[in-house]
Amino acid sequence: MSDSSSPPPPTNNADSETTVSNDSESNTKCQTAIQSLATIVTTTDIPSTISNLLNDEAVSTAISSLLQRPDSGAGDNNLCRWLYDTFQSAEPSLQLLVLRFVPLIAGLYLSRVPLRQPQAGFEAVLLALYAHETTSRAGQAITVNIPDLSHPSIYHESKGLTRNNNSTCLNIAVLSSTLDPHGTVRSTRRARIVGVALELYYSKIPKMPRESKLNFCESCEKWAGQNGETEQPSRAVIPTLSDDSWREEEDVAIGGRSERDSGRIPLPWELLQPIMRILGHCLFGLKVEDRELSEAASKACQSLYLRSLHDINPKAILATGSLLRLREMALDPKNQIDHTEVSNDTLLTV
């Protein structure tokens with residue numbers, strides 16, 4: 001009597017072996033990176049896994065302290081070399097670990113440019129991020145289609161419109177322009193290269209620890225300079241020309257730069273645009289509201305808003321002012337009502 005049961009489906013041993021090989025290679029890269037970091041950071045224990053390392057506050061504090069040393073950005077700096085090699089490993093978890101320190105690296109690098117210190121180490125890391133983004137995007141621009149609001153929508157056509165009306169025409173907005181390969185950092189390319197690094201950071205921002213986002217907000221205040229310093233009110237209010245903080249802005253502009261203003265940098269749109277996206281996430285993009293982070297982002301926005309007023313930069317004024325206005329609207333109790341809920345006052349009882 002023959003067995004009518006069907007044989008088990010064949011297994012693809014090649015795919016299984018490839019998966020095991022890839023996992024083994026990934027683990028090897030991670031362990032090598034952890035061991036290398038342990039020789040650089042000697043003040044605390046290094047976790048045995050990358051996931052724990054990403055959120056380890058002690059290790060992050062130790063790395064931040066090393067990065068903030070006066071000679072941290074030099075070409076022979078061991079930590080910069082580790083960051084560069086780790087990102088070049090092409091291991092996603094390791095690249096995420098490097099991106100975690102992008103706000104601090106970018107902040108230190110841009111603030112030290114006027115001091116003319118050797119920063120080949122920082123530049124190597126930033127160029128690695130730029131090259132990665134250039135390759136992944138094939139140098140193409142990132143665009144988005146926006147409906148032309150000068151025409152009625154397809155749901156609100158007027159009687160006088162013909163079939164050939166262009167009510168659905170789209171405008172192409174460029175979120176990030178095309179990328180040209182760069183092997184060095186020149187003064188004319190600096191803002192673009194750092195801006196692309198921040199764009200890459202923003203693309204992974206949901207996975208970034210809150211300390212990294214707080215570092216970014218602090219960097220934004222330093223970049224704005226003393227011109228952006230102001231008393232932090234209980235609510236996020238857009239400053240006006242009559243505020244004391246704006247008068248302080250004028251006094252600083254007339255009296256010259258102070259020691260606290262040493263971090264002030266030029267803020268072209270190619271750098272300010274990704275900054276606004278990151279601050280927008282810190283203000284509104286969290287699933288659970290983090291009050292400390294939200295207030296830090298609001299303070300950074302106010303600093304940048306005052307700076308944009310000082311520079312008379314219309315595009316920056318509109319962007320920073322809009323974020324502050326949205327923040328103010330979000331904190332307004334009148335806007336806390338959930339209109340999807342049915343009020344008991346409107347229910348009819350029989």
Side-chain angles (χ1 to χ4, degrees), residues 103 106 110 141-151 153 169-178 190-192 194-196 198-199 201-203 205 213 216-233 235-250 252-253 263-286 293-332 334-335:
L110 292 175
I142 298 178
T143 61
V144 61
N145 292 328
I146 302 178
D148 188 351
L149 300 182
S150 64
H151 301 282
S153 71
C169 288
L170 299 176
N171 293 330
I172 298 179
V174 178
L175 299 181
S176 180
S177 58
T178 57
R190 183 177 294 117
R192 180 58 176 152
V194 177
V196 170
L198 293 177
E199 290 175 4
Y201 175 84
Y202 174 73
S203 68
I205 198 169
K213 301 172 187 177
F216 178 80
C217 295
E218 294 172 1
S219 294
C220 289
E221 288 192 74
K222 294 179 181 178
W223 293 342
Q226 190 181 18
N227 294 328
E229 292 185 5
T230 179
E231 293 295 330
Q232 179 70 6
R235 291 180 56 191
V237 180
I238 299 179
T240 64
L241 293 177
S242 61
D243 290 342
D244 293 338
S245 56
W246 179 240
R247 286 196 290 268
E248 293 176 5
E249 158 88 354
E250 289 294 338
V252 172
R264 187 178 185 274
I265 65 170
L267 290 172
W269 183 246
E270 55 193 353
L271 184 60
L272 191 60
Q273 189 179 35
I275 289 176
M276 290 294 98
R277 295 177 194 164
I278 298 173
L279 289 178
H281 168 86
C282 295
L283 284 172
F284 309 109
L286 305 176
L293 178 58
S294 180
E295 290 181 353
S298 178
K299 189 175 181 181
C301 283
Q302 291 188 45
S303 298
L304 291 171
Y305 179 78
L306 289 175
R307 167 64 185 278
S308 62
L309 286 176
H310 176 270
D311 294 346
I312 315 179
N313 187 336
K315 189 179 293 186
I317 293 173
L318 178 61
T320 54
S322 297
L323 277 183
L324 287 174
R325 181 64 66 190
L326 288 172
R327 175 63 177 167
E328 184 180 10
M329 293 172 60
L331 293 176
D332 191 341
K334 297 179 181 179
N335 298 324

Can His310 and Leu306 be said to form a side chain to side chain contact (heavy atoms under 4.5 Å, CB included), step by step?
-> CA-CA 6 Å; His310 176 270; Leu306 289 175; over 6 Å; no
To the nearest 0.5 Å, tell me how far Tyr202 OH sits from Leu279 CG.
-> 11.0 Å
Would you please name every residue forming a side-chain contact (heavy atoms from CB on, under 4.5 Å) with Ile317, sequence neighbours left out?
-> Tyr305, Ser308, Leu309
Pairing residues for Gln273 by the side-chain contact (heavy atoms from CB on, under 4.5 Å) criterion, not counting sequence neighbours = Trp269, Arg277
Here the pair of heavy atoms bringing Arg307 nearest to Ile265 is NH2-O, 2.7 Å
Ser203: partners by side-chain contact (heavy atoms from CB on, under 4.5 Å), with sequence neighbours left out = Leu200
Set of residues satisfying side-chain contact (heavy atoms from CB on, under 4.5 Å) with respect to Pro268, sequence neighbours excluded = Ala191, Pro266, Glu270, Leu271
Between atom CD1 of Ile278 and atom OG of Ser219, what is the distance when rounded to the nearest 0.5 Å?
-> 10.0 Å
Specify whether Trp223 and Phe216 have parallel, tilted or perpendicular ring planes, treating 30° as the upper limit for parallel and 60° as the lower limit for perpendicular.
-> perpendicular
Search all heavy atoms of Thr320 against all heavy atoms of Cys301 and return the closest pair with its distance.
-> CB-O, 4.2 Å
Smallest heavy-atom separation, Ala224 atom then Arg264 atom, equals O-CG, 3.9 Å
Partners of Glu199 by salt bridge (Lys or Arg N to Asp or Glu O under 4.0 Å), sequence neighbours excluded?
-> Arg137, Arg192
What is the minimum heavy-atom distance between Gly195 and Pro274, and which atoms define it?
-> O-CG, 3.7 Å
Cys220 and Ala300 have their tightest heavy-atom pair at CB-CB, 3.8 Å
CG-CG distance between Asn313 and Leu267, expressed to the nearest 0.5 angstrom | 9.0 Å
To the nearest 0.5 Å, how far apart are CG in Leu318 and CG in Leu323?
-> 10.0 Å
Find the distance between OG (Ser322) and CE (Met329) and round it off to the nearest 0.5 Å.
-> 10.5 Å
Stepwise, does the side chain to side chain contact (heavy atoms under 4.5 Å, CB included) test hold for Ile172 with Asn145?
-> CA-CA 5 Å; Ile172 298 179; Asn145 292 328; 3.5 Å; yes
Nearest-0.5 Å distance that lies between atom CE in Met276 and atom CG in Leu283 = 9.0 Å
Minimum side-chain heavy-atom gap Pro103-Glu218 below 4.5 Å = no
